[in-house]
Structures are given as C-alpha cells and as structure tokens.
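Heads up: numbering here begins at 1 and tracks the sequence. What you see is a predicted model; the values in this text were computed from it and never measured.
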Amino acid sequence: ATGLPEAFRVGNFVLLTTGLGLIVGWLVMGNLVGRGVRAAVWSGLGTAVWLVIWGLVGFSINEMLLRSLDKRYHSPMDAVGGVFEMAYFFAKLLLNVEVLVTLVLGGMISGVLAELANRRWR
C-alpha cells in the first residue's frame, strides 16, 4: 500500500522524513516568506524539491551504511557507487502519480500557509 518494496526496512521512515521536512521547511521556506502568495506557492514547490533532494541523499547514505555493515561492498568506491545506486532506486519510487501530486500540492499549500503565518505573527 505504501509503494515501497516488501523487503524495504521502513523503520523510523515517517518520523525521519517529518523531521527532515521541518528542518528543510524552516531553513528554505522560512527565508522566503513575506513576498506574497504567488511567491509563496513557488517557494513551497522549491522547498518540496529540496526536501526530495535531501531525502534522497540522506536515505541513500543510510542504506549504503546498512549494506556496508552487511559487507556488501568490496571497497570504499563500491560504497560510494552504492549511494548513487540507492538514490536512483529511491528516485524511481518517487515517479508515481500519487507521490508527485502529494509533493506538488503539499509544497504549494505549505508555502501559502507559511505566508499566512508570517502575516499573522510578524
């Protein structure tokens, strides 16, 4: 139901992704508020892109470290290649209509809500 392969170890995936979203939202979108609703929509979309990038990097490195503990790599360069392999694998999972619509709409709504919060609590 999640779109993830059955063998995928979810672990604290939701908690980590939520935390990453809060950090990326605060650092990226937080610096872009106060420019109007139209700009807020675009800042929300940009923040969603940054969330995807950092999520791919973080989860790919994590998966590489887990695989290296299982001694699946013969050299450090194999492990570095494993990061890119996992990022590609995770990126393919994102190419799903439900995920893309959620990212786009969620980013846009988050941007507008951040703009409205900025107006309310200046």
Side-chain angles (χ1 to χ4, degrees):
T2 63
L4 295 171
E6 287 185 32
F8 185 75
R9 296 175 285 209
V10 176
N12 292 324
F13 180 76
V14 173
L15 183 62
L16 293 171
T17 305
T18 302
L20 182 63
L22 289 170
I23 293 168
V24 171
W26 188 272
L27 295 175
V28 176
M29 193 184 307
N31 289 325
L32 299 174
V33 295
R35 299 179 184 169
V37 174
R38 183 179 297 171
V41 168
W42 287 106
S43 73
L45 289 172
T47 303
V49 169
W50 279 110
L51 176 60
V52 168
I53 291 169
W54 283 110
L56 286 173
V57 168
F59 287 109
S60 298
I61 290 172
N62 181 61
E63 188 64 25
M64 179 274 296
L65 291 172
L66 292 172
R67 288 178 176 209
S68 67
L69 291 173
D70 290 339
K71 302 201 187 294
R72 292 191 193 179
Y73 301 115
H74 300 295
S75 71
M77 289 310 294
D78 285 344
V80 171
V83 171
F84 290 102
E85 177 186 323
M86 293 311 306
Y88 177 73
F89 171 76
F90 291 139
K92 284 193 319 185
L93 293 176
L94 293 174
L95 294 177
N96 173 324
V97 174
E98 293 171 352
V99 172
L100 293 174
V101 167
T102 301
L103 283 169
V104 169
L105 290 179
M108 293 168 68
I109 292 168
S110 297
V112 171
L113 290 176
E115 180 67 25
L116 294 174
N118 179 58
R119 289 180 184 180
R120 169 97 168 106
W121 291 293
R122 259 190 243 204

With a cut-off of 3.5 Å and sequence neighbours excluded, list every side-chain donor-acceptor pair involving residues 110-119.
residue : atom : partner : partner atom : Å
S110    : OG   : G106    : O            : 2.7
E115    : OE1  : G34     : N            : 2.8
E115    : OE2  : G36     : N            : 3.4

Drop me the distance from [X]'s [atom1] to [Y]'s [atom2], to the nearest 0.5 angstrom.
X: L22; Y: T17; atom1: CG; atom2: OG1; value: 11.0 Å
X: L105; Y: L45; atom1: CG; atom2: CG; value: 9.0 Å
X: Y73; Y: M64; atom1: OH; atom2: CE; value: 6.5 Å
X: E63; Y: R72; atom1: CD; atom2: CZ; value: 7.0 Å

Quick one: do [X] and [Y] end up in the same hydrophobic cluster if we chain Ile, Leu, Val, Met, Phe, Trp and Tyr together by side-chain heavy atoms under 4.5 Å apart?
X: V41; Y: M29; result: no
X: F90; Y: L16; result: yes
X: I23; Y: V49; result: no
X: W26; Y: V28; result: no
X: Y88; Y: L100; result: no

Contact summary for [X] and [Y], nearest pair of heavy atoms:
X: V24; Y: L51; answer: CG1-N, 3.9 Å
X: L93; Y: N96; answer: O-CB, 3.7 Å
X: S43; Y: A40; answer: OG-O, 2.9 Å

Tell me which donor-acceptor pairs under 3.5 Å the side chains of residues 54-61 have, and how far apart each pair is, sequence neighbours excluded?
residue : atom : partner : partner atom : Å
S60     : OG   : L56     : O            : 2.5
S60     : OG   : A87     : N            : 3.0

List the steps and the verdict of side chain to side chain contact (heavy atoms under 4.5 Å, CB included) for W50 and T47. CA-CA 5 Å; W50 279 110; T47 303; 5.6 Å; no
Other ILVMFWY residues reachable from V80 by side-chain steps of under 4.5 Å: F84
Pick from V97, V104, V99, L103: which one makes a side-chain contact (heavy atoms from CB on, under 4.5 Å) with V101? V97
